[in-house]
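Any value given below was found using the heavy atoms of this structure, including those in side chains, with hydrogens, waters and symmetry copies removed. Letters go in sequence order (proteins before strands), and every chain restarts at 1.
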Amino acid sequence: MTPYTIHPARITARRTETEGIYTFTMRLLDPSVRAAYRFQAGQFNMLYAFGIGEVAISIVSDPSEPEILEHTVRVAGRVTGVMADWKVGDVVGVRGPYGNGWPVDAARGRDVVIVTGGLGCAPVVGLINYIIRRRDEYGELHILHGVRTPNDLLYREKFDEWRRVPRTRVYLTTDQPDKSWHYRIGVVTELFDELNVAPSAIVMMCGPEVMMRFAAHALLQKGIGDDSIHLSMERRMECAVGLCGHCQYREHFVCKDGPVFTYRTVRRLFGVSGI
Amino acid sequence: MNEPLKLKKAALQDLIDLLRREEFKVLGPVVREGSVAFHEVREVSDLPIGMRDAQEAGRYRLTPGVDGEIFGVVNGAGSLKPFFFAPHEILLEVRREHRGFKVRDATPAAPRLALIGVRACDLAALAIQDRIFLHDKFRDAHYEARRKDVFFVAVNCTRSAPTCFCVSMKTGPEAASGFDLAMTEMEDGFVVRTGSAAGERVVSKLQLPTAASEDVAKARARIDECASGMQRQMDTSDLPHLLYDEVDSPRWNDVAARCLSCTNCTMVCPTCFCHSVMDVQELDGNMSRRVRQWDSCFSLEHAHIHGINFRPRIHDRYRQWLTHKLASWIDQFGTSGCVGCGRCITWCPVGIDLTEEVAAIRAQRGKH
């Protein structure tokens with residue numbers, strides 16, 4: 001078996017999250033591969049559409065049930081365009097899991113701040129679900145999310161649902177509000193004025209790099225250490241096993257050293273264009 | 001190290017014959033298209049006897065050399081890399097089946113190779129590729145299949161090209177490890193050392209005599225002379241920090257104005273490992289092959305994801321290449337990615353010289 005070996009899996013459920021975003025539940029066909037498969041929150045798989053290609057997609061289902069794999073796919077390119085047509089019963093390809101995942105163990109017992117921006121950030125949905133399922137093990141949960149326009153707010157129901165979870169606060173903002181918008185107005189970093197957390201909090205972020213840079217800056221001002229701020233990076237990935245070279249972020253391979261890095265690790269690179 | 005032996009020039013054919021009898025496919029430097037590259041060698045006369053190379057930044061010519069000299073050509077565009085990390089190869093075959101597909105690993109049927117005339121820098125480069133493909137988090141089965149049971153006959157360099165700087169990179173001109181036999185060429189033959197049990201077996205079959213101490217001393221002097229006469233140098237002190245600190249050096253714009261982003265340097269580099277992974281479907285739609293093909297960080301698509309290109313400028317891509325090669329490679333793999341073979345200098349169509357770029361960045365350090 002090579003690191004590139006694809007394992008067939010059957011789609012057992014398909015859910016439309018919103019226009020162009022679908023969540024697929026899948027089950028590995030080979031019983032021994034399925035029994036051996038384990039993953040951690042925030043890891044990803046390479047999903048394969050026969051004859052078309054592969055893309056890196058994070059696993060959003062819960063690691064305590066590794067036989068059920070859920071992936072939320074946003075249609076963005078050639079391969080994900082084909083994935084939009086995947087139906088229940090189809091056999092697709094899976095290899096993984098890859099990457100280091102979120103620091104959910106280090107976060108246990110601490111207040112957790114989750115910051116996202118831009119279009120639907122699937123990696124944090126899995127993370128939020130993980131914490132909510134183990135609500136007693138974590139402190140206060142703060143979910144901050146910024147969008148450019150109200151139409152970019154995916155999972156509006158999810159945010160409303162999370163708002164009702166005990167000891168959880170949801171902060172939403174947009175730059176360009178319309179009549180339907182009854183949350184905050186402004187860029188995501190302005191949300192930090194409202195955020196009241198102890199310096200012992202742990203932060204996990206996913207979104208555009210410029211947003212994460214401003215967010216990290218605001219969080220440092222609150223006394224949170226640069227090694228308690230974790231961010232999920234995105235780069236081109238073709239092999240996912242640290243060999244093809246595409247995902248390099250200076251000395252880091254995003255696929256095998258990341259995709260989650262502490263701000264301390266990447267702060268000197270952040271904001272330098274063209275790395 | 002074992003006792004040095006002597007191989008007469010005429011006996012080089014015996015070595016080739018022996019390796020061929022032992023079912024090796026014997027490769028050595030062969031003239032092709034105005035350069036040398038490793039191709040099959042059956043006769044000593046297949047080798048570029050009496051030839052040398054004239055290399056400079058952006059220039060390569062084969063020239064008449066010294067009569068009877070067999071390994072006078074230092075190197076050509078082709079390194080050992082393509083024999084182990086293939087430029088294009090099939091990784092998987094995926095066949096469509098009723099409501100699904102079946103996956104088969106396509107492990108290469110690699111011939112047993114014996115490589116003659118391998119230079120110290122190229123052996124060092126191979127050790128670096130081994131580190132990447134065999135000794136990292138994931139082991140590459142295709143590389144491994146090609147890499148095992150290869151017989152290496154190294155040739156210690158007794159002359160360098162003006163583009164060589166192996167002394168700076170501490171990889172040559174004498175082969176330190178990774179060979180079965182290492183030879184130093186003299187007028188009448190070679191001083192031979194063994195580097196493995198397989199090498200020992202071969203020399204015992206050839207019944208080579210012990211080399212005279214004068215020959216051993218002369219061979220040593222030739223290698224030392226080659227080392228001390230090396231024209232190019234690179235100051236590697238304070239790497240990786242120099243290039244990390246100089247992310248804003250004005251030199252990146254300067255070199256970007258000259259660089260064509262043609263990818264030649266990465267193709268001739270014996271350590272560059274970037275590759276594309278593609279799925280190529282047959283016309284009938286029932287079979288798809290996963291293919292790996294050399295890629296380059298100079299290609300525009302290399303750092304492209306939907307809607308974002310992280311390195312759109314040549315400035316970004318040259319900086320990525322040089323910083324990776326000389327700096328971040330050290331953090332990633334515990335070694336520089338450069339062995340000082342000089343190929344990227346010779347084969348650059350506009351003659352960009354990384355030793356010159358590093359020197360310029362160093363000279364301007366902190367002054368901008």
Side-chain angles (χ1 to χ4, degrees), chain A residues 1-10 29-30 46 48-56 74-80 89-93 95 98 118-119 208-209 233-253 255-257 268-269 272-275, chain B residues 91-92 94 96-97 99-103 105-107 132-133 136-142 240 244 247-248 252 272-282 285 287-288 290 292 295 297 301-308 310-313 315-317 319-320 323-324 327-332:
Chain A
M1 199 187 300
T2 82
Y4 301 97
T5 301
I6 304 163
H7 302 293
R10 177 162 282 123
L29 290 185
D30 185 318
M46 294 300 280
Y48 170 72
F50 177 82
I52 308 297
E54 279 188 321
V55 279
R74 180 163 70 89
V75 176
R78 196 173 53 94
V79 181
T80 51
D90 284 356
V91 173
V92 303
R95 64 183 175 100
Y98 299 118
L119 291 167
E209 285 177 25
M233 298 288 297
E234 193 181 14
R235 282 294 182 276
R236 185 186 186 98
M237 288 183 196
E238 296 195 14
C239 76
V241 292
L243 296 176
C244 80
H246 291 88
C247 72
Q248 287 177 87
Y249 186 50
R250 211 177 64 184
E251 70 269 36
H252 313 290
F253 287 90
C255 72
K256 71 176 167 110
D257 304 328
R268 282 190 66 200
L269 302 176
V272 180
S273 71
I275 296 282
Chain B
L91 299 174
L92 299 174
V94 188
R96 194 191 288 279
E97 289 191 336
R99 299 201 73 189
F101 53 81
K102 205 173 179 74
V103 182
D105 292 336
T107 310
I132 294 159
F133 287 109
D136 205 61
K137 191 171 176 184
F138 296 92
R139 204 173 168 88
D140 189 90
H142 290 75
Y244 288 174
V247 69
D248 293 323
W252 301 120
C272 273
F273 59 88
C274 281
H275 58 267
S276 300
V277 181
M278 301 171 288
D279 291 284
V280 183
Q281 198 169 179
E282 275 195 359
M287 161 73 97
S288 179
R290 173 154 299 167
R292 158 160 82 193
D295 195 7
C297 56
E301 300 77 24
H302 192 269
H304 182 267
I305 60 170
H306 54 85
I308 310 171
F310 292 105
R311 297 187 207 107
R313 301 171 298 171
H315 163 288
D316 308 331
R317 301 201 288 280
R319 184 177 63 187
Q320 165 62 24
T323 306
H324 184 217
S328 42
W329 207 298
I330 298 171
D331 282 326
Q332 292 170 349

Do you know which of His275(B), Met278(B), Glu282(B), Gln281(B) has the most heavy-atom pairs with chain A at a distance under 4.5 angstrom?
His275(B)
Does the side-chain contact (heavy atoms from CB on, under 4.5 Å) test come out yes or no for Val241(A) and Lys137(B), once each step is laid out?
CA-CA 8 Å; Val241(A) 292; Lys137(B) 191 171 176 184; over 6 Å; no
Checking Thr107(B) against chain A: side chain, backbone, both or neither under 4.5 Å from a heavy atom?
neither
Tell me, side chain or backbone of His315(B) under 4.5 Å from chain A's heavy atoms, or both, or neither?
neither
Looking only at heavy atoms, what is the nearest atom pair of Phe273(B) and Leu243(A), with distance?
CD1-O, 3.1 Å
Identify which of Cys247(A), Ala49(A), Ser273(A), Gly93(A) forms the greatest number of heavy-atom pairs closer than 4.5 Å to chain B.
Ser273(A)
Can you tell me if Tyr244(B) and Arg268(A) form a side-chain donor-acceptor pair at under 3.5 Å?
no
Check Gly100(B) against Val91(A) and note the closest heavy-atom contact, atom names and distance.
CA-CB, 3.6 Å
pair Cys255(A)-Phe138(B): side-chain heavy atoms closer than 4.5 Å:
no
At their closest point, which heavy atom of His302(B) faces which heavy atom of Gly245(A), and how far apart are they?
CE1-O, 3.5 Å
Got a donor-acceptor contact below 3.5 angstrom from the Arg313(B) side chain to the Gly274(A) backbone?
no
CZ-CD1 distance between Arg311(B) and Ile275(A), expressed to the nearest 0.5 angstrom
8.0 Å
Roughly how far, to the nearest 0.5 Å, is OH of Tyr249(A) from OG of Ser328(B)?
12.5 Å
Between Arg290(B) and Ile6(A), does the side-chain contact (heavy atoms from CB on, under 4.5 Å) criterion hold? Intermediate values first, please.
CA-CA 10 Å; Arg290(B) 173 154 299 167; Ile6(A) 304 163; 3.5 Å; yes
Heavy atoms only: give me the nearest Tyr4(A)-Asp140(B) pair and the separation to one decimal.
CE1-OD1, 3.6 Å
Just do the side-chain contact (heavy atoms from CB on, under 4.5 Å) check on Cys274(B) and Gln248(A) with the steps written out, would you?
CA-CA 10 Å; Cys274(B) 281; Gln248(A) 287 177 87; 4.1 Å; yes
Exercise: identify the closest heavy-atom pair between Phe50(A) and Gly285(B)
CE2-O, 3.3 Å
Cut-off 3.5 Å, side chains only: do Glu234(A) and His306(B) have a donor facing an acceptor?
yes
On the six-membered ring of Phe310(B), is Arg236(A) placed so that its NZ or CZ lies under 6.0 angstrom from the centre and within 45° of the ring axis?
no
Taken to the nearest 0.5 Å, the spacing of Asp295(B) CG from Glu238(A) CD works out to 6.5 Å
What part of Met287(B) is in contact with chain A, defined as an atom under 4.5 angstrom from a non-hydrogen atom: side chain, backbone, both or neither?
backbone
Report the distance from atom CD of Gln332(B) to atom CZ of Arg250(A), rounding to the nearest 0.5 Å.
10.5 Å
Identify which part of Arg96(B) has an atom lying under 4.5 Å from any heavy atom of chain A, answering side chain, backbone, both or neither.
both
With a 4.5 angstrom heavy-atom cut-off, which part of Asp257(A) approaches chain B: side chain, backbone, both or neither?
neither
Given that the side chain runs from C-beta out, which part of His304(B) has a heavy atom under 4.5 Å from chain A: side chain, backbone, both or neither?
both
Select one option (side chain, backbone, both, neither) describing which atoms of Val94(B) are under 4.5 Å from chain A's heavy atoms.
both
How long is the gap from CD on Glu251(A) to CD1 on Ile330(B), to the nearest 0.5 Å?
11.0 Å
Atom group of Arg319(B) that falls short of 4.5 Å from chain A, counting heavy atoms:
side chain
Run Lys256(A) and Asp136(B) through side-chain contact (heavy atoms from CB on, under 4.5 Å) and show every step you take.
CA-CA 10 Å; Lys256(A) 71 176 167 110; Asp136(B) 205 61; 2.9 Å; yes
At a heavy-atom separation under 4.5 Å, does Ile132(B) approach chain A through its side chain, its backbone, both, or neither?
both
